[in-house]
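Worksheet: one structure, shown below.
Each chain gets a letter, A, B and so on, in the order its sequence line appears, and its residues count up from 1. These numbers come from the heavy atoms of this one structure, side chains and all, not from hydrogens, waters or symmetry mates.
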Amino acid sequence: MSTEEKYVAAAYLVVFLFVLVYVLIMAAKLSRLGRDVAELTALARERKRAGQGSTEQPPKQVRVG
Amino acid sequence: MTTVLLGGAVALIFFYAPVDQDGLNQKIFYFHVPIALTSYACFGWGALKAFQHLWKRTPGADLESYVAIHQGVIFGAMTLVTGSIWAKVRWGVWWVWGDEQLVLFLVLFLFYCAYFMLRFSVDPGPQRANLCAVYALFGVVLIPISFLAIRLANSYIHPTVFTSNGPQMATSQLATFCVAWAAMLSLAYFLYRFELAGKRLDADLKELRELLA
């Protein structure tokens, strides 16, 4: 491989690496966002469950006699 | 689409476009120049979105401007690196300070790098959005200067392919160049949409977190 060929290969490799690193960083960020969505969904479900529990009517007492 | 265009561009560069007097080094030109033009396009798009933010207060225009400038800086960095590699083969040095085109592009690149310093030094809100929009609009003035510098300069170290007489290359080379440029624009658009979607999702999640807190 001549020196010129090495430089041309290096130029193309640089472009490829830039794009690859960028996509990997973005993929990592999206993965973090996915975890955040899951966490917030769980929190919202918990809230809903707690809300339903507090709004339930207490059983009526029946006076006998 | 982007993958097809990139694959097609690489195939045309290495199997279709002829090697001219510049030798194999000329193969760098097919990616280097489209990347540089794409970075100009990204900065221009960022400035347009900044203008929309200032003029019409378009919702989300500030975020779109930021993402476009981020793309422009990434493509700008690629331009500088691939250009330096090309210069090392052609001129024997990595950088020539006497070349107006190189220096002006570096100034443009550093100017937009400073955009992020400004953005992250101000608290999020309308003030930050306005400051960043004004800064992005100032930067866009450098684009035509950078582009025309080579044509107005007295030193002709940097090769000029596109002159007032049209492109100075064979039809096969021009076709390859156009495909490579379309591939780069497509790649930039894909990355722009990708990053923008992530940023919007992040903003929505922050709001949701505050609402649930």
Side-chain angles (χ1 to χ4, degrees), chain A, chain B residues 2 6 9-10 13-14 19 22-32 34-35 67 70-71 73-90 94 180 183-184 187-188 190-191 193-213:
Chain A
M1 203 178 192
S2 69
T3 312
E4 202 175 19
E5 285 172 340
K6 280 178 187 168
Y7 278 116
V8 172
Y12 279 81
L13 195 65
V14 160
V15 174
F16 175 73
L17 284 177
F18 260 91
V19 176
L20 183 70
V21 167
Y22 178 83
V23 169
L24 286 177
I25 290 169
M26 282 296 133
K29 279 185 179 174
L30 284 178
S31 170
R32 180 182 59 82
L33 289 175
R35 283 197 300 275
D36 283 359
V37 169
E39 187 192 325
L40 287 174
T41 309
L43 189 65
R45 279 194 190 126
E46 200 178 299
R47 286 277 175 86
K48 192 181 174 186
R49 215 174 293 134
Q52 278 176 346
S54 65
T55 53
E56 273 177 17
Q57 295 292 322
K60 283 180 183 175
Q61 288 183 340
V62 180
R63 196 176 286 174
V64 180
Chain B
T2 305
L6 281 170
V10 171
I13 290 165
F14 289 100
V19 176
D22 197 19
L24 196 63
N25 192 31
Q26 199 245 352
K27 302 288 181 193
I28 297 174
F29 154 85
Y30 294 111
F31 261 37
H32 168 68
I35 287 171
V67 172
H70 190 219
Q71 293 298 321
V73 167
I74 291 166
F75 277 81
M78 284 198 280
T79 305
L80 289 170
V81 175
T82 53
S84 290
I85 294 170
W86 180 89
K88 179 67 180 166
V89 182
R90 178 78 178 262
W94 295 103
M184 281 304 147
L187 177 68
F190 166 73
L191 296 177
R193 301 299 304 180
F194 189 43
E195 187 176 342
L196 196 59
K199 296 277 180 201
R200 280 180 178 152
L201 186 60
D202 196 22
D204 288 347
L205 282 174
K206 270 181 190 159
E207 195 182 339
L208 188 60
R209 194 179 285 277
E210 281 168 14
L211 288 170
L212 285 171

Any chance you could measure B:M78, atom CE, to A:L17, atom CG, to the nearest 0.5 Å?
11.0 Å

List the steps and the verdict of salt bridge (Lys or Arg N to Asp or Glu O under 4.0 Å) for B:R209 and A:E39.
CA-CA 10 Å; B:R209 194 179 285 277; A:E39 187 192 325; 3.2 Å; yes

Winner by heavy-atom pair count (cut-off under 4.5 Å) against chain A, out of B:L187, B:V89, B:L6:
B:V89

Is it true that atom CD of A:E5 has more than 12 heavy atoms of other residues, nucleotides or ligands lying nearer than 6.0 Å?
yes

Would you compute the distance between atom CZ of A:R47 and atom CG of B:L211 and round it to the nearest 0.5 angstrom?
10.0 Å

Distance-minimising heavy-atom pair for A:L33 and B:G198
CD1-O, 3.4 Å

Engaged part of B:A197 at the chain A interface, taking heavy atoms whose separation is under 4.5 Å:
neither

Walk me through it: do B:I74 and A:V19 pass the test side-chain contact (heavy atoms from CB on, under 4.5 Å)?
CA-CA 9 Å; B:I74 291 166; A:V19 176; over 6 Å; no

Side-chain contact, heavy-atom cut-off 4.5 Å: B:H32 with A:V15?
no

Any chance you could measure A:L40, atom CG, to B:D204, atom CG, to the nearest 0.5 Å?
11.0 Å

Would you call B:W86 and A:V8 a side-chain contact if the rule is heavy atoms closer than 4.5 Å?
no

Hey, does the side chain of A:Y12 reach the backbone of B:V10 with a donor-acceptor pair shorter than 3.5 angstrom?
no

Would you give the length of the straight line joining atom NZ of A:K29 to atom NZ of B:K199, rounded to the nearest 0.5 angstrom?
4.0 Å

Relative to each other, are the rings of A:Y22 and B:H70 parallel, tilted or perpendicular (30° and 60° limits)?
tilted

Beyond-backbone contact of A:D36 with B:L208, side-chain heavy atoms, under 4.5 angstrom
no

Would the number of heavy atoms belonging to other residues, nucleotides or ligands and lying under 6.0 Å from CZ of A:F16 be above 12?
no

Quick one: what part of B:I35 sits under 4.5 Å from any heavy atom of chain A, side chain, backbone, both or neither?
side chain

Let me know if B:F190 has heavy atoms under 4.5 Å from chain A in its side chain, its backbone, both or neither.
neither

Rounding to 0.5 Å, atoms NZ (B:K27) and CD (A:E4) come to a distance of 11.0 Å

